[in-house]
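Chain letters run A, B, ... following the sequence lines, proteins first, then strands; residues in each count from 1.
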There are 2 protein chains.
Amino acid sequence: MSAQRADWQRNHQRLLEVAAAVVARDGAGASLEAIAREAGIGSATLHRHFPSRHALLDEIFLDGVTALSRRADEPDDEPGRALRRWVEELTAYAASTRGLAATLATERASELDCRGILFDAATTLTRRAATTLRPGVTATDLLRLSTAISTATEGDPDTARRLIRLALAGVSLEEREPS
Amino acid sequence: MSAQRADWQRNHQRLLEVAAAVVARDGAGASLEAIAREAGIGSATLHRHFPSRHALLDEIFLDGVTALSRRADEPDDEPGRALRRWVEELTAYAASTRGLAATLATERASELDCRGILFDAATTLTRRAATTLRPGVTATDLLRLSTAISTATEGDPDTARRLIRLALAGVSLEEREPS
DNA sequence: ACCTGAACACCGTTCAAGT
DNA sequence: ACCTGAACACCGTTCAAGT
């Protein structure tokens, strides 16, 4: 590893830490100029490190999302319950992590970004729980519901949890076909 | 009515029409400068007519939302179905009307804005359907779910309809308490 | 190779000055 | 009374110039 590469890594790391703090404070729409300013670099340098806002946001949340995705592997003898619990945790986590919900709502650029990682986890859980699910329900549906709710309840994870539980269980007591 | 007041009304009406067109094209975050420019007025005048972005957006959508709220009064001998159908229509309408979902997601300023009107309609339907609903489910819950989904699916009313149906019916086939 | 200052084309908001 | 041009303090993006 060259000295330049080590330098770059240090700057990169520092930039990410500052960016995470600013996004936690100002949300997904935080000023990129403010991030560069607080990191002590030029805004042009920020743009070279991260070609888009989404690229920056995605890297900020990558560790937390990866940790959450691992929890999908915990064994559970009731796969339906395991799926519901994980989706509930994802929704509450995204609602309490400023900027994450908006990041997940953006179309992903690569297979290895936050959304791709969560999609893989959701797919595994959905497959295991397939027999307990209403026919036609996909991992994509569950992620869309979760992201929609966490986006709408940013900063209020209790409400997020309540709404995703409601959506997973259904609003009505009646027996019906959804279509 | 003075000539000045008539003038103002004409300008106001023209401004609203232009604003509606620009928002339909550019979304809820449309440039207020662009709206003023296309309406042929100064941006300062726009700000005097509408003290906030929300005030402008709300007035743009008022007619459509009022029409939708009236449909809650149509009689139905199955109040649970009536509620579900109306919430589904609201969600699809908001998803297909650019800028409306974001407007509904904003905390309301008055009792007579779009959100207040929809809240009244949802409250009526929810009360009629109370015995068919899971205990504790409120009109606010249903509006929050609808707005969350339509915000996340702007421009795709078919997906919006599919997701709100799923949320109303429940994802799982199992009998459970949502706790 | 890497970074930066400066320029560019935008914003929203406000207010003195005009009519 | 009403409207406007202009000013102000910001943006994101790009690039020639520096080291």
Asker: Which nucleotide, D/dG12, D/dG5, C/dG12, lies nearest any side-chain atom of A/Leu32?
Answerer: D/dG12
Asker: Atom CG of B/Leu46 to atom P of D/dT4: distance rounded to whole Å?
Answerer: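 So the two atoms are 11 Å apart, to the nearest Å.
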Asker: Tell which nucleotide pairs with D/dA1, taking only Watson-Crick or G-U wobble pairs whose two distances are both under 3.5 angstrom.
Answerer: C/dT19
Asker: When you check the gap from the basic side-chain N to the acidic O, do B/Arg25 and B/Glu38 get nearer than 4.0 Å?
Answerer: yes
Asker: Mind calculating the distance between CZ (B/Arg37) and P (D/dA6) to the nearest angstrom?
Answerer: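 Result: 16 Å.
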Asker: Reckon A/Ser31 touches a base, only the sugar-phosphate, or nothing at all at heavy-atom distances under 4.0 Å?
Answerer: sugar-phosphate
Asker: To the nearest Å, how far apart are A/Phe50 CZ and D/dG12 P?
Answerer: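 Between P of D/dG12 and CZ of A/Phe50: 15 Å.
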Asker: Round to the nearest Å and state the distance from A/Glu33 atom CD to C/dA9 atom C1'.
Answerer: 13 Å
Asker: How many Å lie between CG on B/Leu56 and P on C/dT13, as a whole number?
Answerer: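 So the two atoms are 11 Å apart, to the nearest Å.
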Asker: Taking 4.0 angstrom as the limit, do A/Arg70 and A/Asp73 come out as a salt bridge?
Answerer: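 Salt bridge: no.
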Asker: Would you call A/Asp141 and B/Arg162 a salt bridge, taking side-chain N to carboxylate O under 4.0 Å as the test?
Answerer: yes
Asker: Return the value, rounded to whole Å, for the distance between atom NE2 of A/His49 and atom P of C/dT4.
Answerer: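 After rounding, the reported distance stands at 9 Å.
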Asker: Could you tell me whether B/Arg128 and B/Asp76 have a side-chain N and a carboxylate O separated by less than 4.0 Å?
Answerer: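 Salt bridge between B/Arg128 and B/Asp76, a charged N being under 4.0 Å from a carboxylate O: no.
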Asker: Write down the partner of C/dA6 under the Watson-Crick or G-U wobble criteria, each distance required to be under 3.5 Å.
Answerer: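 Matched C/dA6 with D/dT14 under the 3.5 Å cut-off.
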Asker: Check the distance between C/dC11's P and B/His47's NE2 and give it to me in whole angstrom.
Answerer: 12 Å
Asker: Between atom NE2 in B/His12 and atom P in D/dA1, what is the gap in whole Å?
Answerer: 20 Å
Asker: Tell me whether the OP1 or OP2 atom of C/dC11 has a side-chain N or O from B/Arg53 closer than 4.0 Å.
Answerer: no
